[in-house]
Each structure stands twice: as structure tokens, then as C-alpha cells.
Amino acid sequence: MPPKRDRPQERMDSLLREERRFDPPPGFAAQANVRDPRVWAKAARDPDAFWAGWARRLDWIKPFRTVRKGSIGAARWFLGGRLNACANAVDRHLATPRRWKAALLWVGEDQRHRTITYQELRDETARLGNVLKGLGVRNGDRVAIYMGMVPELPVAVLACARIGAVHSVIFGGFSAASIRDRVNDMGAKVLICADGARRRGGVVDLKRAVDEALEGGACPGLESVLVFEHAGNPVAWKAGRDRSWRELMAGASAECPCEPMDSEDTLFLLYTSGSTGRPKGIRHATAGYLTATLATTNWVFDIKDQDLYWCTADLGWITGHSYLAYGPLLNGATCFLYESTPDYPDKGVLWSLVERWGVTVLYTAPTTIRACMQWGDAWVDRRTMPSLRLLGSVGEPINPEAWMWYRAHVGKGRCPVVDTWWQTETGAVMISPLPGLTPTKPGSATRPFPGTFPEVVDDEGRTLKEGAGYLVYRRPWPGMTRGIWNNPELYRRTYFSRFKGAYFSGDAARLDADGYFWLMGRVDDVVNVSGHRIGTMEVESALVDHPAVAEAAVIGRADPLKGQALAAFVILKSGKEAGPGLVGELREHVGKVIGPIAKPDDVVLASALPKTRSGKIMRRLLRDVAEGRPLGDVTTLADPEAVVRLEAEVRRLRADRRNA
Ligand code: WTA
């Protein structure tokens, strides 16, 4: 049983009433990597010197001369230097006692494991580097990666870095159309995929999605598909294009030098949803990104050589890049990887894995924590998990109840909880406790990482000392994205047009009297479903792509489990019948166009959408309707009757669901 003091005193309805505070446990504080409370003040006095100190902890082929040039939006870091990301994450450890230490400890769906030491990881990345070179990949070329959670996924990422190719991982849950768009946007020369991914006892046919994406010469720039044989599902084979990983690796040499890269050379692209429709290729530069992930992993996750560190994120997201691959490997940690989901083979698998393998640091998402709460305390309470010493959360705001549950049931009241706020664009953690120093408040990401300076501003961009507003940054940091691939204008418009001279994160936040940040979610048309950012415009265009649909509006409504859920309001083309299977068909269609994560939870076949007289859809009203709230101001509506009908349609949907 968790100690009594860790039980929530009462259910918290509003963050405003949250007054619980937890000091770092003295035992933890005494051994923490960062113990000096002056770190924030010191970094603030000279942020460039602070970051340069971290950068110097990397291995440089040629040291940098200039720490930074330019201001936010155009900043460049560590100029004149040359280095290699794979050399830093892998090769450098071979000269230390870490050489035969496990870099990766992977557990498959069948619960069998594999360990890959730093030496083996070097050899594998070298072999794959040579295979890629053999396929014509050169420094600066793009390589798309579409695999499940297998050790070969980080191997593929690091092999690209090794030879100076730009990697771009496409999440294994995305559909053929999403693969096609991304491959074409990045101009990938090679796509690395697995035959299939194991999922809850079955196999997801990844190769088939790739074949479908490339059908009919849809990706003219792509020369080869390298197929890693993992799940053993039968796959079609296109001679001349498809190549076997196992075959090519068997003949590849393990001598492959790490390419000296410029600090500002692109390390990777990662596509993310923004408020402007199509996914954007967020570009990260080598030295700045490595510096930021090295520093934050060391201080926020307090990584030590003895740690077995587990970040449950998929490598298809930024969290997987920064805190499952680069950050922990730069720190020489052992990274734990699990092939399957938190409910397979049973709903206690997270805890049995932690206990069985001795995981020490666990980093997961609020949506997973809430799902575990719903599955019942017994799954976790039967495990003591004595190895655990630190817990992290990321991806969306964590509600105080979930935070308290995480601390009490998973951490048994003895592990600090770090709620970390950041984004694909920021590259690394930006707002988070330092676990040995920062008193935590459940539901707050607490304070900025040293050397970063978030501000909360009002509508006019005035900085607030306290209160709620928009979260912006005016001062640069090295992990910041260098822009959107091939689209500088979209970059400027998306992030730098709302507030002059500032990067706008798209999030709302409240700053309390102690200077603590409370993240309040997105303010743009991006919905955070189970920690995945989904642009509502993308879902709308997928719906309108269906032959029966004339118009669609998609919004996020509150959902107890997923944080937010997608609700779609759909107008059919005249003459199209709403047959019994249509709603299911529309959901499937979105799954096919974007991927299953984007399937709307509610599809309301509406007779009209609430619009202003100038024709803009009033999403605020749709949110009210979807959440069953009384309607806000309707005076600007062109046709007030439309929402009344909509409310009735939503009530009908709810009743149907209750009866189902
Ligand atoms: C949200 C994931 C509150 C936020 C690393 C942000 C959070 C978006 C938190 C980025 C947190 C992430 N508290 N909200 N601790 N972490 N978010 O790019 O809305 O996939 O803008 O990066 O997730 O999502 P992304």
C-alpha cells in the first residue's frame, strides 16, 4: 500500500485549487547529477556559455569557434565545428568500460529479449552504413524509415547519422498515403522498412503499406526499398527496387568511418501536424540537437551508468528520437525497448517488465497512465518495483489525479515525478523539474530548463508576471528546430507571425505566483489525442476526400482517457444517403488516408454547420456542442437554427452509443 500522505486529499476539479507540493526526496537529491540550486541563475547570466559548456562535452572532430549567431528563428549554433552524431552516441563509448555494456535491451511481444552492446551497435551501424552507401546514399541524402519497434529501428537511424544521411522516421501507424506524402516531400532516395510489425499477437503488414504508397510510380525520386525481415509475413517483391536487409548486411563490411558533419548540417526531419494543413518536415541540426538532448537527459532523467532507462514512446515521434535514442545513448545509458503495447499480453505488462528487468527510470505519457488507472490498481499494486527511482511524463497536460496516481502507485511515493513539456520543434525538454532540486506540484511542468526562457504573454504579446496566456520564447536555445523542410515561409508564418520577435508554441499556459508553468493545451487547430498531435485540417481533408462528403469540420473535445478526442461534423453531398455503414466507412477512410490514430471518435452527420456571416465555421460552438455545454455567444451566426439542429444530432449520437 502506498503511504497515506500520497493519497489525493480530495478530487481536484480545478488546477487553481492545486496546493500540494512535494520536495525532492533527500536521498534522491543527495545523489542527483545536478544539485546546485544556482544553475538557473548561472545559466541566465550567460546562456551561450552555459550551452557551450554542454556542447564541449560532445566529441568534436573539429572544435567549434563561435557559440551562436543570430536570434530566435534564425539562430545557428557551434559554428565552425565538425562532429558526427553516431560517433557521439555510440563509437565514443568503445574507448570506455561501456564497450560491452548493453546499449539496447529489447523485449519482443513474445517476451523474449535481445541485448545489443555498444560495440555491437557500432558494428551494426557501420554495416548498415555501408549497405546504404551501396544503395547510392550520400552525405545529405534523405532516408525514410518505416518500421515497428525493433532494435533495427535505432540501428537504421544511427546508420544514417553515421554516413551523414538525413533520417526521417515515419510512425508505423501511418497509412500508405501518409508515407507517400512524406517520402515525396523529403525527397527520400531510400526507404527502410520492416516486412511487418508485431501487434497484439498479430502482424501489421508494413511492407504492403509501402507497396501501396509507391504504386504507379507515385514516388519517382525513391530508388530502393530496404526490407528488414522481422515478422515473417509474406511480402510482394519488386525486383530492382526491393532489397533484403539480411542479405545485404551479411555481405557488408563493418568498417565505415563516421562522416564529419558541420554543426548546422541536418541530422533529421520529423513530420508533425501544425495548424496549416499538411504535415511539416521539422528539421533539426546536428550539434544543437545533440547538445540539448545530452544536457536534458543528464539533468532531467538524472542518467547514471547503472540505470536501465525506459522511455515507452515510439521512435516514430520526437520523444523516441530524443529520449529513446539520442539522449540516453549520448549519456552511455542502457535503453530498454518493448515491442508491444502496455496492454499486451496483459494490462500489467509495464509493471512486470519494470520488475523483471529492473528498470530504474520510466518515461511515459499521461494517456498511458490514465489507461492504467482505469484498468485498476491491482495490476500495479502487486508489484513492488524496488529498482524504480524516477518517473517522467510527456505528451500532453497531466491532470493532478493522474500525477498523484503515478507517484503513489507506480513510484510508491518514493520516486520524484518529472512532468516534461516540450515539442517536436523544441527538440528537447524545455519545462520540467530538475528532480533533485525542484519541488513539484501535481499537474505543473514547473520551471524552465536552465538556459531556456519561456514567457506567458497576453493577446497583445505583453509578458505576464502571473496569469494565463500564450506560451512563447524570445531567446534562442540550441535544440530549436532550424525550420520546415523546403518551406521557410511556412515556418515564419506558423511560428513567428502571431507575436512579433517571438516563437509561438501554439500552447496556452498559466504562470503562478511561484513562477511555475501550468500547461493548458493547444490553442491552434491541432488536437492532442493520446499525446499525438493531429491537425484537424488534415482530418477534414481526408473526410472531404470521401465521395459522399461535401464538407467537414473536425474539432477536439475533452476525453477522460485520451485527453482529447476527435469529433467530426460531416455534411453529405446532396443525393447521398446516410446508409447504416456510412459512419464506419468514413472512419475507415480517415484511417486509410492518414492512419488509425486520426480516426474520429464521433462522426456526426449534420444537416448544417454553424457559420459566421462571412462563412467561417464556428469551431468554438462545435466544441460546446460536442461537450454538451450550453452554447456560447451565437449572435454572429448566419443561421442560428443550424446549431440547434446540431445539438439534437449530437444528443441522438450519444443515445445511440448508450444503447449500443
Ligand atoms: C503537448 C511531444 C502539457 C503540447 C514531446 C505540445 C504537453 C505538444 C506536454 C507537442 C506536457 C507535450 N504538458 N502538454 N508535459 N508535453 N505537450 O510535438 O501541446 O508531439 O505543444 O512533442 O504536446 O507535441 P509533440
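Order of listing sets the numbers, starting from 1, for every ligand and every atom in it. Along the sequence shown, residues are numbered consecutively beginning with 1.
- Taking any N or O of R522, backbone or side chain, at least one lies under 3.5 Å from an N or O belonging to ligand 1.
- Ligand 1 has no nitrogen or oxygen under 3.5 angstrom from a nitrogen or oxygen of S505.
- Considering both main-chain and side-chain atoms, T319 never comes within under 3.5 Å of ligand 1 through any nitrogen or oxygen pair.
- Remark: minimum distance from atom 8 (C) of ligand 1 to any protein heavy atom is reached at R533 CD, 3.8 Å.
- Of the possible polar contacts, one joining the R522 side chain to the S505 backbone as a donor-acceptor pair under 3.5 Å is found.
- At the top of the distance list for atom 12 (C) of ligand 1, counting protein heavy atoms only, stands G395 C, 3.3 Å.
- Here the shortest heavy-atom distance to atom 6 (C) of ligand 1, taken over T272, I282, D507, belongs to D507.
- Ring pair Y289/H284 is tilted by interplanar angle, where 30° to 60° counts as tilted.
- Between Y473 and W477, the ring-plane angle classifies as tilted under the 30° and 60° cut-offs.
- For V394, no nitrogen or oxygen atom sits less than 3.5 Å from a nitrogen or oxygen atom of ligand 1, counting backbone and side chain alike.
- When heavy-atom distances to ligand 1 are checked against a 4.0 Å cut-off, T424 comes that close through both its backbone and its side chain.
- Outside the 6.0 Å centre-distance limit, the rings of W317 and Y271 are not counted as a close aromatic pair.
- Scanning the protein for heavy atoms near atom 3 (C) of ligand 1, the closest one is P397 N, 3.0 Å.
- Side-chain rings of F268 and H321 approach one another, their centers coming within less than 6.0 Å.
- If you look at N528 next to ligand 1, the close heavy atoms, those under 4.0 Å, all belong to the side chain.
- The shortest separation from a heavy atom of G506 to ligand 1 is not under 4.0 Å, leaving the residue out of contact.
- Using a 4.5 Å heavy-atom threshold, the side chains of R482 and W77 count as touching.
- Ring geometry, F499 versus F504: the interplanar angle exceeds 60°, so the pair is classed perpendicular (tilted spans 30 to 60°).
- The I318 neighbourhood of ligand 1 comprises atoms 2 (C), 5 (C), 22 (O), with distances under 4.0 Å to a heavy atom of that residue.
- At least one heavy atom of W422 sits closer than 4.0 Å to an atom of ligand 1.
- A parallel orientation is assigned to the rings of Y503 and Y495, their planes being inclined by less than 30° (bins at 30° and 60°).
- Side chain to side chain, W518 and D512 meet the donor-acceptor criterion of an N or O pair below 3.5 Å.
- Nearest non-hydrogen protein atom to atom 11 (C) of ligand 1 is E396 O, 3.4 Å.
- Taking the ring centroids of W299 and W54, they lie under the 6.0 Å cut-off.
- Neither the backbone nor the side chain of A445 has any atom closer than 4.0 Å to an atom of ligand 1 (non-hydrogen atoms only).
- Considering backbone and side-chain atoms together, D419 places an N or O closer than 3.5 Å to an N or O of ligand 1.
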